[in-house]
2 protein chains.
Amino acid sequence: MKKHAGTPSKSKKIHRSAAKKRAGGEPADAGRFYYKGNRHKQLRAFVSVVKLGTLTRAAEALFLSQPTISLQLQALERELGVTLLERRRRRINLTDAGEALYELARPLVEGWDTLDRDFQARVKGLQAGRLTIAAGTSTIQYLLPELVRRYRERFPAVQLQLANVTGKDGLAMLRADEADFAVGSMLDVPNDIAWAPVQHYDPMLILPPDHPLAAKEKITLEDISPYGLILPPQRLSTYRLVDLVFQQRQMPYHVAIEVGGWDVIKEYVAMGLGISIVTGICITEADHARLAVRNMKQYFPQRSYGVVMRKGKFLSAEARAFVDLIRPGLLTHRDYDEPGHSGR
Amino acid sequence: MKKHAGTPSKSKKIHRSAAKKRAGGEPADAGRFYYKGNRHKQLRAFVSVVKLGTLTRAAEALFLSQPTISLQLQALERELGVTLLERRRRRINLTDAGEALYELARPLVEGWDTLDRDFQARVKGLQAGRLTIAAGTSTIQYLLPELVRRYRERFPAVQLQLANVTGKDGLAMLRADEADFAVGSMLDVPNDIAWAPVQHYDPMLILPPDHPLAAKEKITLEDISPYGLILPPQRLSTYRLVDLVFQQRQMPYHVAIEVGGWDVIKEYVAMGLGISIVTGICITEADHARLAVRNMKQYFPQRSYGVVMRKGKFLSAEARAFVDLIRPGLLTHRDYDEPGHSGR
DNA sequence: ATGTTTCAATCATAAATATTGATAAATTCA
DNA sequence: TGAATTTATCAATATTTATGATTGAAACAT
């Protein structure tokens, strides 16, 4: 191999490589980046060392011998001209430069590591694997079915587990690595959690079609106030939200029935047992036949549903494929469109 | 080199690599990914070929000979087990699989290509280079100064060019590659442009302190209607926005003075020549002394300011460093925080 | 302290791999 | 058809990468 970095060539190229033909075209911008050695392997070693704490363990993880890692690190430091690790004590220590490099390199290395599987997934579909998604009942019932259908169509070999959990349990599953990610609504986002809202739904007032209020076009909070509400259990966010809004407006209200499950609530409302405020997510076309529906977005905030992940967790190919169905641009990045305003 | 991929080792390892020590620990999850050959170089070749259209040109760009590229491509296709390119005619053609791979690989290859420079930038600061940002006057005057200060502090060697342009010209500069990116507000985003809003400002009504309306706490559109407005030129979005809102509400209004520059407008208002509706961006602390200010967000939409880029363009290290100042997570990705709601 | 264990660095050597020049074959263009 | 351009093939060679053996240091246990 000619040392092609820096010294394009000596002999008159037959395969006209680089050196030639740099006259009429663009201002010699190409070839700005030479690749010394194999930065790729070096950085994989580096990232692995940082993750695992010692060269020896990194070597194990990468199926290499320890001297290899040592040499790669040295080459990396030499070529970058900085010290990355303090090899003090029994555990390595990142220098500031090392910290910076790790931050830059980790996503690349990880992206690289999963590229093959990602690609096979795209081309042939995933051949095996399992995906666990944590989600609330309403999400599973109304938001996910279509996505699950498309996912199963594309990746029939993947075992799909939908864990029906409420907020707290969902977060616990994420933290315990028992779920790849969660889908749902979040009122407040903990520090270690990343939330990417995708779908937005307006709050809806539902009433029996023969209810006195159903005649009115615009229904205000005052109008609602006298009637008994059917709401989900207090621990769920919808209840808390409704309560909050009425409290803030100092409007009296009373809960006639407290019962779990949007279907049940809709059924009860249709039967004339009360009225309710639900998220737009659970209003289907069919419901308009048996229920009167009014948008309440001027009084209650929108509910946003989205993907919930543990920060820093690297998603499996299976998980990434699903997230990509939910929202194409989210993981590939390079798509800076304004989020929000998708549903509604 | 022992074929370390797949066949961990034959002899009893001294440097205890992979094979050993897989008993008590985790369930042999490590080492799921082997690296055949040098996928890295193969993919760089592939991406380059796709970009440049022929193997020969790709070889030039990478300072390699043409056979090298040919072989790398073949190895890639063989190892992935798919055909990526149709080598028909004089120009290569991507297969579907090739398309998919290109999409997955390009960000990685590009990230890789600039990693070294990015790193040097982080560690030593950028040693040279030039950065051209297109922005409107108000952006340059109110939004950018602090950012520019911080950028110059960190990267004093970079030549910073701020092109003071209005919307159309800014887009033209982006498309002509005369600007690295633009910063500003966008009402509608063309298809080839990516916009990432970062800062959001409420619309503000400004009046002279002794104006009759200044006594009122809540000021409505009706209140404003009789008074003469001072607005920026019609071609600017603020004018169009104000006009639109009054039109929609079928509210009469009249423009007393049309004049460019927020500073001038503020000055005129302070002098009692009229009232105006401006973006919150240009209201500083000092202005509260000479102007009465009212938030008009219930009538006029928020204005969002953000980073405008040409889709697909890969930013220079200089540009990335700046964007990173504007909004840390935007480019590094891996940070799925809800955008929006930052300013105000 | 002293012996043991764990870890990283060094080095010569072995092996894999990448790159190349030469050349052939195919395609496009005039 | 002939010139030009492009890709594929191949054997030879240059280069990189990985390894085993070994050493010296630090941490740990007693």
Side-chain angles (χ1 to χ4, degrees), chain A residues 1-21 35-42 44-46 49 52-60 62-79 83-93, chain B residues 1-21 35-42 44-45 49 52-60 62-79 84-93:
Chain A
M1 184 211 264
K2 301 272 163 55
K3 63 201 82 150
H4 63 86
T7 312
S9 185
K10 303 168 206 168
S11 56
K12 281 167 218 134
K13 282 290 165 65
I14 302 253
H15 299 295
R16 64 146 131 135
S17 151
K20 208 189 147 190
K21 222 191 189 185
Y35 300 92
K36 328 205 176 169
N38 195 331
R39 194 52 50 80
H40 184 194
K41 290 185 178 177
Q42 291 170 0
R44 171 154 53 242
F46 171 67
V49 167
L52 299 175
T54 80
L55 303 214
T56 308
R57 267 197 295 244
E60 274 174 51
L62 296 175
F63 292 83
L64 295 171
S65 66
Q66 173 267 316
T68 302
I69 305 296
S70 177
L71 291 174
Q72 282 177 343
L73 281 179
Q74 285 169 44
L76 182 60
E77 290 185 318
R78 174 165 31 82
E79 287 168 17
T83 306
L84 298 169
L85 308 163
E86 311 259 349
R87 278 90 153 175
R88 302 271 164 77
R89 327 242 154 183
R90 190 150 288 218
R91 184 173 178 84
I92 58 95
N93 226 25
Chain B
M1 186 209 265
K2 298 272 164 56
K3 60 199 85 149
H4 65 85
T7 313
S9 185
K10 305 168 206 171
S11 58
K12 279 166 220 132
K13 283 291 166 60
I14 303 254
H15 299 297
R16 63 147 134 133
S17 114
K20 206 188 148 190
K21 222 192 190 184
Y35 299 93
K36 326 204 175 171
N38 196 331
R39 194 52 49 81
H40 184 191
K41 289 185 179 177
Q42 292 169 0
R44 170 152 52 240
V49 166
L52 300 176
T54 80
L55 304 212
T56 309
R57 268 198 295 248
E60 275 174 49
L62 297 174
F63 293 83
L64 295 171
S65 68
Q66 173 267 317
T68 302
I69 305 297
S70 179
L71 291 173
Q72 283 177 344
L73 244 42
Q74 286 169 40
L76 182 60
E77 290 185 319
R78 175 166 28 83
E79 286 167 19
L84 298 168
L85 306 164
E86 310 258 348
R87 279 93 152 177
R88 302 271 164 79
R89 328 249 153 176
R90 193 152 281 221
R91 183 171 178 86
I92 57 96
N93 225 27

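Below, chains carry the letters A, B, ... as their sequence lines are ordered, and counting in each starts from 1. Only this structure's heavy atoms are used, side chains among them; waters, hydrogens and symmetry mates stay out.
- Partners of A:Leu71 under the side chain to side chain contact (heavy atoms under 4.5 Å, CB included) rule, at least two apart in sequence or in another chain, are A:Gln74.
- The CZ atom of B:Arg44 sits 14 Å away from the C1' atom of C:dT19 (whole-angstrom rounding).
- B:Gln66 CD to B:Glu60 CD: the interatomic distance, rounded to the nearest 0.5 Å, is 11.0 Å.
- One finds the CZ atom of A:Arg44 at 8.5 Å from the CG atom of A:Asn38 (value rounded to the nearest 0.5 Å).
- In this structure, the nucleotide among D:dT7, C:dG21, C:dT19 sitting nearest to the side chain of B:Thr56 is D:dT7.
- To the nearest angstrom, P of C:dA8 lies 13 Å from CG of A:Asn93.
- The nucleotide whose nearest atom lies closest to any side-chain atom of B:Gln74 is, among C:dT10, C:dA8, D:dT9, D:dT9.
- At a cut-off of 3.5 angstrom, counting only N and O atoms as typed in the model, there is a donor on one side and an acceptor on the other between the side-chain of A:Gln66 and the base of C:dA9.
- A donor-acceptor contact under 3.5 Å is not formed by the side chain of B:Gln72 with the base of C:dA18.
- Of the possible donor and acceptor atoms, one in the side chain of B:Glu77 sits under 3.5 Å from a partner among the backbone N and O of B:Leu85.
- Heavy atoms of B:Ile69 sit nowhere under 4.0 angstrom from any nucleic acid atom.
- Across D:dA8, C:dA18, D:dG20, the shortest atom-to-atom separation from the side chain of A:Ser65 is found for D:dG20.
- Contact annotation: the side chain of A:Arg39 approaches that of A:Glu79 to within less than 4.5 Å [non-hydrogen atoms, C-beta and beyond].
- When distances are taken from the side chain of B:Lys41 to each of C:dA18, C:dA22, C:dA8, the shortest belongs to C:dA18.
- Straight-line distance from the CD atom of A:Glu77 to the P atom of C:dA8: 13 Å, rounded to whole Å.
- Contact annotation: A:Thr68 side-chain N/O to D:dT17 OP1/OP2 distance is not under 4.0 Å.
- The CD atom of A:Glu86 sits 17 Å away from the C1' atom of C:dA9 (whole-angstrom rounding).
- Rounded to a whole Å, the CG atom of A:Leu64 is 15 Å from the C1' atom of C:dA15.
- Annotation: of the two residues near DNA chain D, B:Leu55 and B:Leu71, the 5′-most nearest-nucleotide partner is B:Leu55.
- Spacing between atom CG of B:Leu52 and atom C1' of D:dT5 amounts to 16 Å, rounded to whole angstrom units.
- To the nearest angstrom, P of C:dT17 lies 11 Å from CZ of B:Arg78.
- Each of C:dC11, C:dA9, D:dT6 was ranked by its minimum atom distance to the side chain of A:Ser70; first place goes to C:dA9.
- A pairwise comparison of heavy atoms in A:Leu76 and A:Gln42 identifies CD1-OE1, 3.4 Å as the closest pair.
- At least one side-chain heavy atom of A:Ile69 sits under 4.5 Å from a side-chain heavy atom of A:Leu64.
- Terminal axes of the helix from C:dA1-D:dT30 to C:dA30-D:dT1 (five pairs each, C1' rotation axis) are separated by 40°, to the nearest 10°.
- In this structure, A:Gln72 CD and A:Leu62 CG are separated by 8.0 Å, a value rounded to the nearest 0.5 Å.
- At whole-Å resolution of the value, CG in B:Leu76 and C1' in C:dA18 are 15 Å apart.
- Closest approach to the A:Asn38 side chain among D:dT17, C:dA8, D:dT19 is made by D:dT17 (side chain taken as heavy atoms from C-beta onward).
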